[in-house]
Engineer: 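I have a structure here, written as structure tokens, and I will follow up with some questions on it.
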Amino acid sequence: MISIHPEFDRHHRLWAQVKVHLKAGEMAHDQFHIERVYLWALKLAPEAGVSRDLAGATALVHDLVPIPKDSPERSLGGEKSAAASGPLLDAVGYSDSEQAAVIDAVKTSSWSRGLVANSALGRLLQDADRLDAIGAVGIARCLACAQDMSTPDNPGRFYHPADPAGTSDRPLDDRLQALDHFSAKLLKLAAGMHFPLAKAEATRRHEHMEAFIHEFTLELRSA
């Protein structure tokens, strides 16, 4: 059971519906990812000037439709989750206007889709979700995704043997090399945060990722 704030009864009822949609065995987008994004959404709500009730609900449904990272439909995850969230929100008592606000925020949340958030609620969700993609937790999730995509027919690896950190001019391929995902996405996220609290936390986590890459490449050179 994740830590739902006791103030919000609708969150408890919403989570009961959301959790059945999670993909079993997928560590990067499990219940604890939802919990971390949820708690950050509540924390960021005052700075964003949005209802903590709506912020929490938005976090709970943001990954309602799980799509594998290597799927050609990956960029549609936000739109599919947004479309599926309406009936769940309605069932626990969110009004039409509240549902519309949450659906719009989720629809524009995906990094791979590249959409600009239309509201403070959407910007809050982007910050909360992207914070969970960086830092120590982000590194663990990145490696979990890499393992999940690696198959006997299409095996992945941690790094490109000649360019582990992805700093050369070769094309990045983060479906093959896990560390390519840092240059392709993760190291870009801190610069796009919207709210002061998220910016400060993202800066700290960004520095941690840079230190990780430095240590990783140092250990390879000394092997």
Side-chain angles (χ1 to χ4, degrees), residues 2-5 7-8 11 14 18 28-29 32-65 67 69 74-83 85 89 94 97-142 145 174 181-212:
I2 72 171
S3 300
I4 298 294
H5 196 287
E7 178 184 348
F8 304 111
H11 291 179
L14 183 59
V18 169
H29 297 85
F32 302 109
H33 165 65
I34 302 296
E35 179 181 47
R36 292 188 299 269
V37 175
Y38 171 79
L39 294 174
W40 267 105
L42 295 183
K43 188 180 294 188
L44 293 172
E47 283 189 352
V50 303
S51 158
R52 294 177 76 236
D53 187 357
L54 281 188
T58 302
L60 290 175
V61 300
H62 85 279
D63 269 343
L64 194 57
V65 179
I67 299 178
K69 288 290 186 183
R74 178 57 197 162
S75 64
L76 301 178
E79 294 184 34
K80 288 180 177 291
S81 293
S85 65
L89 294 163
Y94 285 96
S97 62
E98 290 173 325
Q99 291 177 45
V102 172
I103 289 170
D104 181 69
V106 173
K107 184 177 181 180
T108 60
S109 64
S110 171
W111 162 269
S112 55
R113 188 64 168 162
L115 298 176
V116 176
N118 298 315
S119 66
L121 184 61
R123 293 188 289 275
L124 175 148
L125 177 60
Q126 286 184 344
D127 280 6
D129 192 27
R130 293 172 189 183
L131 279 175
D132 205 55
I134 59 178
V137 169
I139 292 169
R141 293 182 66 219
C142 175
C145 282
D174 56 0
H181 196 54
F182 286 77
S183 294
K185 175 183 176 181
L186 303 186
L187 292 172
K188 300 176 181 178
L189 293 180
M193 296 293 169
H194 300 93
F195 300 105
L197 187 59
K199 290 179 180 180
E201 179 66 12
T203 297
R204 188 186 68 79
R205 295 189 185 200
H206 182 91
E207 292 171 354
H208 183 80
M209 291 192 298
E210 290 184 322
F212 170 80

Engineer: Distance-only, no hydrogens or angles: does the Asp132 side chain make a donor-acceptor pair with backbone N or O of Val37 under 3.5 Å?
Structural biologist: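 No; judged by distance alone, with no hydrogens or angles, the pair does not exist.
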
Engineer: Out of curiosity, His62 NE2 to Ile34 CD1, how far, rounded to the nearest 0.5 Å?
Structural biologist: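 Interatomic distance, His62 NE2 to Ile34 CD1, rounded to 0.5 Å: 4.5 Å.
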
Engineer: For the side chain of Glu79 and the backbone of Ser110, is there at least one donor-acceptor N/O pair under 3.5 Å apart?
Structural biologist: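 Judged by distance alone, no pair lies under 3.5 Å.
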
Engineer: Are Val106 and Thr58 close enough, and set up right, to give a side-chain contact (heavy atoms from CB on, under 4.5 Å), and what steps lead you there?
Structural biologist: CA-CA 7 Å; Val106 173; Thr58 302; 3.9 Å; yes

Engineer: Leu60 and Ile4: side-chain contact (heavy atoms from CB on, under 4.5 Å), yes or no, with the steps?
Structural biologist: CA-CA 10 Å; Leu60 290 175; Ile4 298 294; 4.0 Å; yes

Engineer: Check whether any side-chain heavy atom of His206 lies under 4.5 Å from a side-chain heavy atom of Leu187, and answer yes or no.
Structural biologist: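 His206 vs Leu187: side chains touch.
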
Engineer: Heavy atoms only: give me the nearest Val102-Leu89 pair and the separation to one decimal.
Structural biologist: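 Looking at all heavy atoms of both residues, the closest pair is CG1-CD1, 3.7 Å.
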
Engineer: Do you know the tightest heavy-atom contact between His11 and Tyr94?
Structural biologist: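 Between these two residues, the closest heavy atoms are CD2-OH, 3.3 Å.
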
Engineer: Once salt bridge (Lys or Arg N to Asp or Glu O under 4.0 Å) is applied, do any residues pair with Arg130, and if so which ones, sequence neighbours excluded?
Structural biologist: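 Per chain and number, Arg130 pairs via salt bridge (Lys or Arg N to Asp or Glu O under 4.0 Å) with no residue.
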
Engineer: Atom CZ of Arg205 and atom CE of Met209: how far apart are they, to the nearest 0.5 Å?
Structural biologist: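 Reported value, rounded in 0.5 Å steps: 9.5 Å.
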
Engineer: Counting distance only, does the side-chain N/O of Glu201 pair as donor-acceptor with the main-chain N or O of Leu131 below 3.5 Å?
Structural biologist: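 Not at all, since once roles are kept as given, no pair shorter than 3.5 Å links the two residues.
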
Engineer: List the atom of Asp104, the atom of Ser119, and the distance in Å for their closest heavy-atom pair.
Structural biologist: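 Looking at all heavy atoms of both residues, the shortest contact is OD2-OG, 4.3 Å.
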
Engineer: About how many Å separate CG of Leu42 and CZ of Arg52, when rounded to the nearest 0.5 Å?
Structural biologist: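 Result: 5.0 Å between the selected atoms.
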
Engineer: Taking all atoms of both residues into account, what is the closest heavy-atom pair of Ala48 and Leu124, and its distance?
Structural biologist: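 Looking at all heavy atoms of both residues, the closest pair is CB-CD1, 3.8 Å.
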
Engineer: Would you say Ser81's side chain and Gly78's backbone share a donor-acceptor pair under 3.5 angstrom?
Structural biologist: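 The answer is no, because no donor-acceptor pair under 3.5 Å joins these two groups.
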
Engineer: If every non-hydrogen atom of Ala120 is compared with every non-hydrogen atom of Phe195, which pair is closest and at what distance?
Structural biologist: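 The pair with the smallest heavy-atom distance is O-CZ, 4.0 Å.
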
Engineer: Please report the interatomic distance OG(Ser3) to NE2(His5), rounded to the nearest 0.5 Å.
Structural biologist: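 Reported value, rounded in 0.5 Å steps: 10.5 Å.
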
Engineer: Specify the closest pair of heavy atoms between Ser85 and Ile103, including all atoms of both residues, with the distance to one decimal.
Structural biologist: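 So the minimum-distance heavy-atom pair works out to OG-CG1, 3.5 Å.
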
Engineer: When you look at Arg36 and Arg141, which way does the side-chain contact (heavy atoms from CB on, under 4.5 Å) test go after all the steps?
Structural biologist: CA-CA 13 Å; Arg36 292 188 299 269; Arg141 293 182 66 219; 3.6 Å; yes

Engineer: Please step through side-chain contact (heavy atoms from CB on, under 4.5 Å) for the pair Asp129 and Trp111, ending with a clear verdict.
Structural biologist: CA-CA 10 Å; Asp129 192 27; Trp111 162 269; over 6 Å; no

Engineer: Would you confirm whether Asp63, through its side chain, and His29, through its main-chain N or O, come within 3.5 Å as a donor-acceptor pair?
Structural biologist: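 A pair under 3.5 Å: no.
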
Engineer: Could you tell me the separation between the CD1 atom of Ile134 and the NE2 atom of His208, rounded to the nearest 0.5 Å?
Structural biologist: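 So the gap between those two atoms works out to 11.0 Å.
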
Engineer: About how many Å separate CG of Leu189 and CD of Gln126, when rounded to the nearest 0.5 Å?
Structural biologist: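 Spacing of CD (Gln126) from CG (Leu189) equals 10.5 Å.
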
